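Working notes, beginning with the structure itself.
Excluded from the calculations below are hydrogen atoms, water molecules and symmetry mates; all remaining heavy atoms, backbone and side chain alike, are included. From a predicted model like this one, the values you see are computed outputs, not experimental measurements. Just so you know, ligand 1 is whichever comes first in the structure, and atom 1 is the first atom listed for that ligand.
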Amino acid sequence: MKNNIKHNIDKATKTGDWRNVTPIVDRNKCIGCGTCVKHCPDACIVLKKIKEANGDEKKLAVIDYNFCKGCGVCEQVCPAKAIKMVMDS
Ligand code: SF4
Ligand code: SF4
């Protein structure tokens, strides 16, 4: 799915260690719709093909934590409630 964010993540600054909440994708709930990919303001989510235990293929949202800022937009827009923001300890 096309990403609507225009900036080039290859040239983006890495987040570093200040993020204190981390989005976690539940691979069992993710339906691979790509909504989070389109809305992430840091363009750090991609869909990847994965194989499930039964051999079926599906698409899964994969977050690049080097660039994620922990804003929570992905959690808010996910129609499958597959992303949860988790406070870092
Ligand atoms: S928390 Fe924000 S920056 Fe991180 S993946 Fe979700 S939408 Fe993108
Ligand atoms: S919005 Fe939710 S269901 Fe859709 S790809 Fe992202 S995590 Fe998966």
- prompt: Quick one: nearest non-hydrogen protein atom to atom 2 (Fe) of ligand 1, plus distance?
  reply: Cys71 SG, 2.2 Å
message: Is there a path of hydrophobic side-chain contacts, each under 4.5 Å between heavy atoms of I/L/V/M/F/W/Y residues, joining Ile63 to Val86?
response: yes
field: Subset of ligand 1 atoms that lie under 4.0 Å from at least one heavy atom of Ile45
entry: 5 (S)
task: For atom 8 (Fe) of ligand 2, grab the closest protein heavy atom and report residue, atom and distance to one decimal in Å.
output: Cys30 SG, 2.4 Å
task: State the SG-CD1 distance between Cys30 and Ile83, to the nearest 0.5 angstrom.
output: 7.5 Å
message: Checking contacts here: is it the side chain or the backbone of Cys44 that comes within 4.0 Å of ligand 1, counting heavy atoms only? Could be both or neither.
response: side chain
query: Are any N, O or S atoms from Cys74 nearer to atom 6 (Fe) of ligand 1 than 2.8 Å?
result: yes
statement: Output for pair (Glu52 CD, Asn28 CG), nearest 0.5 Å, gives 7.5 Å
Heavy-atom closest pair, residues Cys44 and Phe67: CB-CB, 3.8 Å
Atoms of ligand 2, numbered as shown, that sit under 4.0 Å from any heavy atom of Ala61: 5 (S), 6 (Fe), 7 (S)
Closest protein heavy atom to atom 4 (Fe) of ligand 1, given as residue, atom name and distance to 0.1 Å: Cys68 SG, 2.3 Å
Single-linkage hydrophobic cluster, 4.5 Å side-chain cutoff, Ile50 and Val25 together: yes
message: Hydrophobic clusters here meaning ILVMFWY residues chained together by side-chain heavy-atom distances under 4.5 Å, can you tell me if Leu60 and Tyr65 are in one?
response: yes
task: Any atoms of ligand 1 less than 4.0 Å from a non-hydrogen atom of Gly70? List them with their elements.
output: 1 (S), 4 (Fe)
- prompt: Just which atoms of ligand 2 are under 4.0 Å from any heavy atom in Ile31?
  reply: 3 (S), 8 (Fe)
Cys36: numbered ligand 2 atoms lying under 4.0 Å from its heavy atoms: 1 (S), 5 (S), 6 (Fe), 7 (S)
Ligand-residue contact atoms, ligand 1 with Pro41, heavy atoms, under 4.0 Å: 7 (S)
- request: Answer yes or no for Cys40: is there an N/O/S atom below the 2.8 Å cut-off from atom 8 (Fe) of ligand 1?
  value: yes
statement: Cys78 heavy atoms within 4.0 Å reach ligand 2 at atoms 1 (S), 2 (Fe), 3 (S), 7 (S)
statement: Among non-hydrogen protein atoms, atom 5 (S) of ligand 2 lies closest to Gly34 N, 3.2 Å
task: Starting from atom 3 (S) of ligand 1, find the nearest protein heavy-atom neighbour and note its residue, name and distance.
output: Lys69 N, 3.4 Å
message: Can you name the atoms of ligand 1, numbered from 1 with element, that are less than 4.0 Å from a heavy atom of Asp42?
response: 3 (S)
query: Is there a path of hydrophobic side-chain contacts, each under 4.5 Å between heavy atoms of I, L, V, M, F, W or Y residues, that connects Val37 with Ile24?
result: yes
query: Got a second to check how far Leu47's CG is from Lys58's NZ, nearest 0.5 Å?
result: 11.0 Å
Heavy-atom donor-acceptor pair, Lys81 side chain to Pro79 backbone, under 3.5 Å: no
Single hit among Cys68, Pro23, Cys40 for side chain to side chain contact (heavy atoms under 4.5 Å, CB included) with Ile45: Cys40
message: I'd like to know whether CG of Asp88 has more than 12 heavy-atom contacts from other residues, nucleotides or ligands below 6.0 angstrom.
response: yes
field: Structural part of Ile83 in contact with ligand 1, heavy atom criterion under 4.0 angstrom
entry: neither
task: Run the numbers for me: atoms of ligand 2, each under 4.0 Å from some heavy atom of Pro79, listed by number.
output: 1 (S)
